Chemist: 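A single structure is presented below for examination.
From a predicted model like this one, the values you see are computed outputs, not experimental measurements.
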Amino acid sequence: MIAPENLAVANLVEDDTTFQDLPQAEDYNLENENRSRETRMKQFKTKVLLGVLVLLAIILILVAILSPQSQDGNADLVPATAPSEPPSNNPSQGPSSYLEYWLSLFPETTIAAILEHPGSPQSRAFEWLVGEMDVLHNHTDQRVVQRFTLATFYFANSKEQWLFSDNWLNHSVHECLWYSGLENYYFVFEADTFFPLDHISPCEQDPAGYLEDGTLYQGDGIIKHFWLSLNNLVGSGIPPELYLLTELRSLALDGLNLTITIPEELSGLSNLEYISMLGCGLYGSIPEALGRLSKLGVIYFPFNSLTGTIPSSLFSLTNSMRAIALSESQLTGPIPTELGLLTSLLGIWFDANFFTGTIPTELGRLTLLKYLDLPNLMLSGTIPVELTLLTDMETLQLDASGLTGTIPRWLGNMTILDTLLLSYNSFTGTIPTELGLLTKLSALWLDFNALSGTIPREFGKYEQVYVLTMGGNNLTGALPTELGLLTGLFQLWLHDNDLTGTVPLELGNVPFPAPYGEAWLHGNDLSGIIPESLCSANDLVFDCSSQLCGCDWCNCSDNRTSPILEANQTEGNQTEP
């Protein structure tokens, strides 16, 4: 075999080349050839590196042009059809393919708002979104849409006036950790009663964290609860993009300063279970479309200007509906009998509307009901006996609703009742002694009816009561000494009746402390001397006269001809001060 160092290299020559023109054969040198190859390879790598650097420079320039600081905004962007697969991390595709793809994730109306209306909440949100392009391509499509949606809401509602906006629009903070009112108001609004949650956070679990036993857990990072209640939100209100948060379970925007109708687009949030928009300036009717939300359990729309009737579609939510609050609006018509179909209901709040007719007997089917608030309505008739089946009732408010008849004795069967309001109606007859069985009562309001008879001594069993009102009736007889057992009482209204006799010394055991303590005894035919210990009550009102006196401001010694003083001196029961 011939050694490489003995080889020569020959080159092909043209036919017309003379012998003298031919190059001479050269000895082949392997070391020289390797060195030449290395030189050519280094030159190639240098060219490739320079090309990559140039491409990166182009990308940075484009990013700078498209950043939120750009004066041209997104006017030059053109929406494109989404690629069959998300863009890869290959920089050769360039940023425009990312922008086109991200735009394709949104509805046409949103794309139009981004491209055709510079300065719109949608356009500003998209500018903010592409400002985090270096990490955005690592997010799922759902999180890209989610961050854009939250940013759109932020720009639509005067972010400068928010009371709390911690971490909002912070590129380096997961949106599950942006400020949410859920933690602040979930228990304040007693949402836990009707909408129990295991994790009180917007994503139900933080994107990453530790359990109490030290175990690392990872949430899915998807917003389930959007709560910005009472956060001084002022602006254009609810942008349509909010309905892109399709996994929302609860939405609470209480106090949002709007004048709008209830958006029908809410029906697109198929997972929605809880919606609260207290005092948002809502007007118009409640849309039938809400009945499409098969999981809806809580409707909380008090203190608005809603009109019309309760939509029939809501009565199809027989298994999910747990609470309906429509207080302080302008709803009309009778209270729907179909409410009796919602057997999962725990609470009804219809106070201060224009409902007419009678209390439906069908409410007796709601055996799980704990709260029934029907005050300040335009009703007629009596309290239906069917309500006696509601033995889980904790609050029954029927005041100022035009009711007549007598107070039913069977109310004493609601033994866990905490609050009973029957004032400002036209009830007649006596106060049932069976009400004394309601030993868990904290408030009993019976004032301003046409009740007669005496005050039941059984009321002395109310160990937890702090409000007891019976003023403005036709009650007679003496004040029961058992009232002195109610040492936790704050308000005792017995004014404007026909009560007689003396004020029992035992009533002085009740402190009636400031700032809410009230003992109103005026407008009766009481006599004698007010117990000295009762004079320290925060607000004691009685008719100071020759018949009834006491305390510093009604000193019995000021009138020495007082029949009270003379009688007590004669009996030796009173020493002149």
Chemist: Would you name the heavy atoms of L417 and T395 that are closest together and state the gap between them?
Modeler: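 Here L417 and T395 meet closest at CD1-N, 3.9 Å.
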Chemist: Can you confirm whether the side chains of Y185 and N231 place a donor and an acceptor under 3.5 Å from each other?
Modeler: no
Chemist: Tell me which one of I275, I223, I222 satisfies side chain to side chain contact (heavy atoms under 4.5 Å, CB included) with L248.
Modeler: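 Between L248 and the candidates, side chain to side chain contact (heavy atoms under 4.5 Å, CB included) is satisfied uniquely by I223.
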Chemist: Quick check: closest heavy atoms across S294 and S320, and the distance to 0.1 Å?
Modeler: O-OG, 3.4 Å
Chemist: Give the minimum heavy-atom separation between Y371 and M393, together with the two atoms involved.
Modeler: N-SD, 4.0 Å
Chemist: If you round to the nearest 0.5 Å, how far is OG of S270 from CG of L296?
Modeler: 12.0 Å
Chemist: Is the W168 to F153 ring centre distance short of 6.0 Å?
Modeler: no
Chemist: Measure the shortest side-chain to side-chain distance between W102 and H139 over non-hydrogen atoms and say whether it is less than 4.5 angstrom.
Modeler: no
Chemist: For the side chain to side chain contact (heavy atoms under 4.5 Å, CB included) test, which of L245, T246, L244 pairs with V145?
Modeler: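 Only one of L245, T246, L244 forms a side chain to side chain contact (heavy atoms under 4.5 Å, CB included) with V145, namely L244.
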Chemist: Under 3.5 Å, side chain of Q161 to main-chain N/O of N232, donor-acceptor pair present?
Modeler: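 The answer is no, because no donor-acceptor pair under 3.5 Å joins these two groups.
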Chemist: Using the ring of each side chain (for Trp, its six-membered ring), is F126 parallel, tilted or perpendicular to F148, with breaks at 30° and 60°?
Modeler: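 Aromatic pair F126/F148 classed perpendicular.
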Chemist: Can you tell if the side chain of P302 reaches within under 4.5 Å of the side chain of Y300, non-hydrogen atoms only?
Modeler: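 Yes; the side chains approach each other to less than 4.5 Å.
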Chemist: Pick out which of D351, I348, L331 makes a side chain to side chain contact (heavy atoms under 4.5 Å, CB included) with L326.
Modeler: L331
Chemist: Does atom CD of Q464 have more than 12 heavy-atom neighbours, drawn from other residues, nucleotides or ligands, at distances under 6.0 Å?
Modeler: yes
Chemist: Look at E394 together with K370 and state whether they make a salt bridge at an N to O cut-off of under 4.0 Å.
Modeler: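 Here E394 pairs with K370 in a salt bridge, since their nearest N and O are under 4.0 Å apart.
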Chemist: To check you understand the geometry: which heavy-atom pair defines the closest contact between P202 and L182, and what is its length?
Modeler: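 Taking every non-hydrogen atom into account, N-CD2, 4.0 Å.
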Chemist: Is it true that F194 and W349 have ring centroids separated by less than 6.0 Å?
Modeler: yes
Chemist: What heavy-atom pair brings L342 and L317 nearest, and what distance separates the two atoms?
Modeler: CD2-O, 3.5 Å
Chemist: Please report the closest heavy-atom contact between L420 and L441, naming both atoms and the distance.
Modeler: N-CD2, 4.1 Å
Chemist: Flag the pair I310 / I324 as yes when at least one side-chain heavy-atom distance between them is below 4.5 Å, and no otherwise.
Modeler: no
Chemist: Using ring centroids (six-membered ring only for Trp), state whether Y154 and W162 fall under 6.0 Å.
Modeler: yes
Chemist: Between S329 and N304, does any side-chain donor sit less than 3.5 Å from a side-chain acceptor?
Modeler: no
Chemist: Are a donor atom and an acceptor atom from the side chains of H225 and S250 found within less than 3.5 Å of each other?
Modeler: yes
Chemist: Find out whether D399 and W445 are in side-chain contact, i.e. whether some heavy atom of one side chain is under 4.5 Å from a heavy atom of the other.
Modeler: no
Chemist: Could you tell me the separation between the CG atom of N170 and the CG atom of L177, rounded to the nearest 0.5 Å?
Modeler: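 That separation rounds to 10.0 Å.
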Chemist: Quick one: does Y274's side chain get under 4.5 Å of R249's, heavy atoms only?
Modeler: no
Chemist: Considering the options L372, L345, L346, D392, which one meets the side chain to side chain contact (heavy atoms under 4.5 Å, CB included) requirement together with L366?
Modeler: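 Of L372, L345, L346, D392, side chain to side chain contact (heavy atoms under 4.5 Å, CB included) with L366 is met by L345 alone.
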Chemist: Checking D141 against Y101: is there a side-chain donor and acceptor pair closer than 3.5 Å?
Modeler: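 Side-chain D/A pair, Y101 to D141: present.
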Chemist: Once you round to the nearest 0.5 Å, how far does CG of L339 lie from CG of L369?
Modeler: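 One gets 9.5 Å once the value is rounded to the nearest 0.5 Å.
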Chemist: Between atom CG of L278 and atom CZ of F303, what is the distance when rounded to the nearest 0.5 Å?
Modeler: 6.5 Å
Chemist: For the residue pair E241 / T110, report whether a side-chain donor-acceptor contact shorter than 3.5 Å exists.
Modeler: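 There is such a pair between these side chains.
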Chemist: Over 60° means perpendicular and under 30° means parallel, so tell me whether Y516 and F490 are parallel, tilted or perpendicular.
Modeler: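 Y516 vs F490 ring planes: tilted.
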